[in-house]
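For reference, the structure is listed below as structure tokens.
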Amino acid sequence: MGAHVLVVEDDDKIAAPLVRTLEREGYEVERLAEGLPALPRLASGEIDLLLLDLGLPDVDGLDVCRSAREGGFTGGIIILTARDGELDLVVGLDVGADDYLAKPFGLSVLLARVRALVRRGSGAVATAPVEDVPAAPSGRTLRVDVTARRIWVGGSELAATSKEFDVLALLDRTRGAVVSRERLISEVWDENWYGSTKTLDATVGRLRQKLDDARAPAQVTTVRGVGFRLEDLADA
């Protein structure tokens, strides 16, 4: 069975063909018509990807997205909405969405976005018995374990979404050097990806905040007009 996709959409005319199409592609699909019931499902650790409508009958989809990320959900989130204004796009990305599609959208376009997110993996931290968890490095350091898809700041693990991890891993690979925006979008999203570049900016913004909150000894710096670099703090 393929990745487990949760569709949160109240419009049956949109949800039904969407679910059928995803199932034909081999995904395990679950559909909910309201936002609040989605939160415990996302917290269960069984969902790999969330397709989320904003105009839900019980709660704004942006609040669902925000709560899901605050609750530790690290899978992919694609927002589906009739709101195509730039403000909603930016807010959606700021609260943790990985991608954004305005209705009406082509199913082939949606499937391409889904495949791109699923291909990168959920990035979630699996729960393992204590004896199976590798010892965390000591001291105030930043370490990105690409094989295990885990980020360590000193002896504490930093939770990150799939895209946040991939951006940090690419920057860490050449720490101190500038990585262009084009390379980040091509390698982290897709070489044929044509969504808004604000997706990258929002992902970097969330990553910066997480590193700052964790008092990481490194920061993501913007090189205007070129890209970003991960650099060690002078007092680390």
Side-chain angles (χ1 to χ4, degrees), residues 39 42-45 47-50 62-77 90-99 117 120-179 181 183-185 187-189 198-224 227-236:
L39 295 176
L42 296 171
S44 71
I47 305 300
D48 300 304
L49 178 68
L50 171 64
L62 291 175
D63 292 329
V64 176
C65 184
R66 182 185 295 107
S67 297
R69 291 306 192 199
E70 291 175 350
F73 178 67
T74 57
I77 298 179
V90 173
V91 172
L93 297 173
D94 281 345
V95 297
D98 295 293
D99 209 342
L117 278 176
R120 292 290 176 176
S122 68
V125 177
T127 301
V130 173
E131 63 270 21
D132 292 336
V133 177
S138 60
R140 190 165 170 262
T141 59
L142 173 64
R143 184 171 70 91
V144 181
D145 187 335
V146 176
T147 302
R149 292 187 66 84
R150 304 177 83 168
I151 302 169
W152 295 99
V153 177
S156 300
E157 188 170 359
L158 181 70
T161 68
S162 175
K163 296 303 184 187
E164 291 164 1
F165 180 90
D166 290 332
V167 167
L168 184 62
L170 182 52
L171 293 174
D172 183 65
R173 194 184 309 163
T174 54
R175 190 180 297 201
V178 178
V179 179
R181 297 174 65 89
R183 181 182 175 191
L184 282 164
I185 289 175
E187 294 193 25
V188 174
W189 278 267
K198 289 183 174 62
T199 302
L200 171 60
D201 295 322
T203 302
V204 169
R206 296 196 307 268
L207 187 57
R208 279 177 173 148
Q209 186 62 54
K210 290 184 177 183
L211 291 173
D212 185 60
D213 291 344
R215 297 182 64 248
Q219 64 183 4
V220 179
T221 301
T222 300
V223 180
R224 190 173 298 277
F228 304 93
R229 66 169 170 258
L230 179 66
E231 56 186 19
D232 296 318
L233 295 175
D235 61 348

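Positions are given from 1, in the same order as the sequence printed here.
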Quick one, [X] and [Y] - any side-chain contact, counting heavy atoms below 4.5 Å?
X: Lys210; Y: Ile151; result: no
X: Val153; Y: Arg215; result: no
X: Val144; Y: Arg173; result: no
X: Val178; Y: Thr221; result: no

query: Which residue, Leu171, Val223, Thr174, forms the side chain to side chain contact (heavy atoms under 4.5 Å, CB included) with Arg229?
result: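 Among Leu171, Val223, Thr174, the one meeting side chain to side chain contact (heavy atoms under 4.5 Å, CB included) with Arg229 is Val223.
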
query: Leu184 pairs by side chain to side chain contact (heavy atoms under 4.5 Å, CB included) with which of Asp166, Val204, Leu170?
result: Leu170

message: Phe228 vs Val167, test: side chain to side chain contact (heavy atoms under 4.5 Å, CB included). Steps then yes/no.
response: CA-CA 10 Å; Phe228 304 93; Val167 167; over 6 Å; no

query: Do we see a donor-acceptor contact under 3.5 Å between the side chains of Thr222 and Arg208?
result: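 Yes.
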
Residue pair Gln219, Leu211: steps toward the side chain to side chain contact (heavy atoms under 4.5 Å, CB included) verdict: CA-CA 7 Å; Gln219 64 183 4; Leu211 291 173; 6.0 Å; no

Between the side chains of [Y] and [X], is the shortest nitrogen-to-carboxylate-oxygen separation below 4.0 Å, so that they form an ion pair?
X: Asp63; Y: Arg66; answer: yes
X: Arg206; Y: Asp213; answer: no
X: Asp172; Y: Arg143; answer: no

task: Check the pair Leu230, Leu142 against side chain to side chain contact (heavy atoms under 4.5 Å, CB included), reporting the backbone distance first and the verdict last.
output: CA-CA 11 Å; Leu230 179 66; Leu142 173 64; 4.2 Å; yes

- line: On a heavy-atom basis, the closest approach of Ala97 and Cys65 is N-SG, 3.6 Å

query: More than 12 non-hydrogen atoms from neighbouring residues, nucleotides or ligands closer than 6.0 Å to CZ on Arg175, yes or no?
result: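 Enclosed: over 12 neighbouring heavy atoms sit under 6.0 Å from CZ of Arg175.
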
